Visitor: 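Mind having a look at this structure? Questions to follow.
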Amino acid sequence: MKSILVTGCNRGIGLGLIRHLVREKNPPKHVIATCRSIEKAKDLQHIAAENKNVHLLELDVRNYDEYDNFSKKVEQIVQSDGLNILFNNAGVSSKFTRVQLVKYDQMLEAFKVNTIGPVMLTKALLPLLKQAAQNNSDKPLGANKALIVNTTSVLGSIALNSDGGFFPYRCSKAALNMATKSLSVDLQKDGILVTGIHPGWVKTDMGGSNAPLDVDTSVVGILELIRNVNESHNGGFYQYDGKQLEW
Ligand code: NDP
């Protein structure tokens, strides 16, 4: 792949993805790492200073009005190559709550970041993804052509929900799963694959210290998965180790 854009790279899985991408044997020509504040993103600044292929762009995924301007900045980086991979990683969660304690603001915030952000960002970057797919029309569908990864969660699975609660997070990720499926249908004709990936339960600020997986294990699995993604993964729901999950 020539180019990848990952949202929410200040910490956690997003930062881990950038760390691993720059260490690959054949790293992408452009690694575009977005964060809400470059000034505060010290680890990213350090990576960008040492790796000329890393570009830092600011993006709060709730600022939909800025998406057009943002996509112009991405275009200036990738130019006529287009964008091979859009990796929607930025996400929010809130405390586990039962229905008696659910708050309107938490529901709204979860949908803004976890669901609406990935859909609207896909829309804004679609011309660049299409460009990459066209430029690589001789290649098989996948990461070397054009791919959208939506970072979802097993907590967004309706089939696997036996514990209830967690309304903002579960509902926003379930809605993201539906968006993944619809995007995969809509964009198939353009040669763009779309897949949902659950990173596992990972030790990050969101996953907490009891999580069984470290960031490196999750990220190594995710990168292996996206390198090998093919038509059979289109519109599917997979976890970091390649296992398919039930919707
Ligand atoms: P973290 O809480 O560690 O990091 C979240 C990242 O998202 C941060 O970089 C944060 O930026 C960014 N972010 C939050 N809100 C916004 C926003 N409005 N605009 C732009 N960026 C934003 O979470 P993880 O790394 O663990 O999670 C990454 C993804 O993986 C999420 O989508 C999450 O739902 C998913 N996931 C994680 C699991 C886990 O166990 N950790 C399990 C299943 C799914 P900032 O630093 O500026 O706050």
Side-chain angles (χ1 to χ4, degrees), residues 5-20 32-45 47 56-67 70 86-96 105-122 124-125 148-157 160-161 163 166-177 179-180 195-223 225-226 237-241 243 245:
L5 184 151
V6 186
T7 62
C9 300
N10 178 40
R11 55 195 165 98
I13 294 164
L15 180 60
L17 283 165
I18 304 303
R19 280 195 210 285
H20 279 261
I32 303 169
T34 85
C35 58
R36 288 197 274 192
S37 160
I38 293 177
E39 201 194 332
K40 289 184 190 158
K42 299 291 178 212
D43 291 327
L44 275 184
Q45 282 183 30
I47 296 172
L56 306 187
L57 291 181
E58 286 189 347
L59 180 70
D60 183 319
V61 298
R62 296 166 301 183
N63 293 343
Y64 316 121
D65 292 349
E66 288 176 17
Y67 279 16
F70 175 78
L86 165 60
F87 199 117
N88 287 305
N89 164 75
V92 287
S93 179
S94 45
K95 269 194 184 162
F96 179 92
D105 286 347
Q106 288 174 346
M107 291 290 293
L108 204 58
E109 176 73 359
F111 271 86
K112 280 184 182 169
V113 179
N114 297 347
T115 317
I116 304 172
V119 174
M120 299 311 285
L121 193 57
T122 297
L125 295 175
I148 298 163
V149 177
N150 287 331
T151 309
T152 180
S153 170
V154 71
L155 295 177
S157 166
L160 301 175
N161 181 1
D163 298 330
F166 236 137
F167 292 88
Y169 193 69
R170 281 195 193 281
C171 297
S172 63
K173 291 291 188 183
L176 177 65
N177 287 350
T180 298
T195 187
I197 295 184
H198 164 57
W201 182 18
V202 188
K203 278 189 191 69
T204 61
D205 292 341
M206 187 186 291
S209 56
N210 290 333
L213 286 177
D214 57 30
V215 169
D216 288 337
T217 307
S218 169
V219 163
V220 167
I222 291 169
L223 290 176
L225 179 57
I226 65 173
F237 181 18
Y238 296 88
Q239 67 178 26
Y240 73 101
D241 58 3
K243 183 184 165 202
L245 297 174

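Position 1 is the first residue of the sequence; numbering continues from there. Every number for a ligand or one of its atoms is a count from 1 in the order of the listing. Quick caveat: nothing in here was measured; it's all calculated off a predicted structure.
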Visitor: Counting heavy atoms only, name the option from H198, M206, Q239 that's nearest to atom 43 (C) of ligand 1.
Guide: H198
Visitor: Determine, using heavy atoms of L15 and all atoms of ligand 1, whether some pair is separated by less than 4.0 Å.
Guide: no
Visitor: Could you find the nearest protein heavy atom to atom 34 (O) of ligand 1 and give me its residue, atom name and distance?
Guide: Y169 OH, 2.6 Å
Visitor: With rounding to the nearest 0.5 angstrom, report the CD to OG1 distance, Q239 to T152.
Guide: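 Atom-to-atom, Q239:CD and T152:OG1 are 12.0 Å apart.
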Visitor: Below 4.0 Å from any atom of ligand 1, is there a heavy atom belonging to P199?
Guide: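 Per 4.0 Å heavy-atom rule, P199 contacts ligand 1.
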Visitor: Is there side-chain contact between Y169 and Q106, with at least one heavy-atom pair below 4.5 Å?
Guide: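 Answer no - side chains too far apart.
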Visitor: Under 4.0 angstrom from ligand 1, any heavy atom of T7?
Guide: no
Visitor: Do L15 and N10 touch side chain to side chain, with heavy atoms closer than 4.5 Å?
Guide: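 L15 does not reach N10 side chain to side chain.
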Visitor: What protein heavy atom sits nearest atom 28 (C) of ligand 1, and how far off is it?
Guide: N89 OD1, 3.2 Å
Visitor: Record the part of K40 in heavy-atom contact with ligand 1 below 4.0 Å; permitted values are side chain, backbone, both and neither.
Guide: neither
Visitor: So for ligand 1, is V113 a polar contact partner (N or O within less than 3.5 Å, distance only)?
Guide: no
Visitor: Flag the pair L223 / I226 as yes when at least one side-chain heavy-atom distance between them is below 4.5 Å, and no otherwise.
Guide: yes
Visitor: Which residue, N114, I197, N89, forms the side-chain contact (heavy atoms from CB on, under 4.5 Å) with T151?
Guide: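 Considering N114, I197, N89, a side-chain contact (heavy atoms from CB on, under 4.5 Å) with T151 is found only for N89.
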Visitor: Any side-chain heavy atom of H20 sitting closer than 4.5 Å to one from D216?
Guide: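 H20 reaches D216 side chain to side chain.
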Visitor: Heavy atom under 4.0 Å from ligand 1: found in I13's side chain, backbone, both, or neither?
Guide: both
Visitor: Can you tell me which residue and heavy atom of the protein come closest to atom 35 (C) of ligand 1, and the distance to 0.1 Å?
Guide: T151 CG2, 3.6 Å
Visitor: With a 4.0 Å cut-off on heavy atoms, does K173 reach ligand 1?
Guide: yes
Visitor: Which residue holds the protein heavy atom closest to atom 39 (C) of ligand 1, what is that atom called, and what is the gap in Å?
Guide: V202 N, 3.6 Å
Visitor: Between T115 (side chain) and S172 (backbone), is there a donor-acceptor pair under 3.5 Å?
Guide: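 Checking the backbone N and O of S172 against the side chain of T115, a donor-acceptor pair under 3.5 Å is found.
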Visitor: Do Y240 and V202 have side-chain heavy atoms sitting under 4.5 Å apart?
Guide: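 Sidechains of V202 and Y240: no contact.
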Visitor: For ligand 1, indicate whether the residue T152 contacts it via side chain, backbone, both or neither (heavy-atom separation under 4.0 Å).
Guide: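 Just the backbone.
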Visitor: List the closest protein heavy-atom neighbour of atom 26 (O) of ligand 1: residue, atom name, distance to the nearest 0.1 Å.
Guide: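 Heavy-atom neighbour on the protein nearest atom 26 (O) of ligand 1: T204 OG1, 2.5 Å.
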Visitor: What is the closest protein heavy atom to atom 38 (C) of ligand 1, and at what distance does it sit?
Guide: G200 O, 3.7 Å
Visitor: Work out whether the distance between some heavy atom of S37 and some atom of ligand 1 is less than 4.0 Å.
Guide: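 Flag not set, S37 not near ligand 1.
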Visitor: Tell me whether E66 contacts the main-chain N or O of L59 through its side chain, where contact means a donor paired with an acceptor under 3.5 Å.
Guide: no
Visitor: What's the shortest distance from atom 10 (C) of ligand 1 to any protein heavy atom, and which residue and atom give it?
Guide: R11 NH2, 3.7 Å
Visitor: Taking all non-hydrogen atoms of both residues, which atom of E109 and which atom of V92 are closest, and how far apart?
Guide: O-CG2, 4.0 Å
Visitor: Which residue holds the protein heavy atom closest to atom 12 (C) of ligand 1, what is that atom called, and what is the gap in Å?
Guide: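 In this structure, atom 12 (C) of ligand 1 has G8 CA, 3.9 Å as its nearest protein heavy atom.
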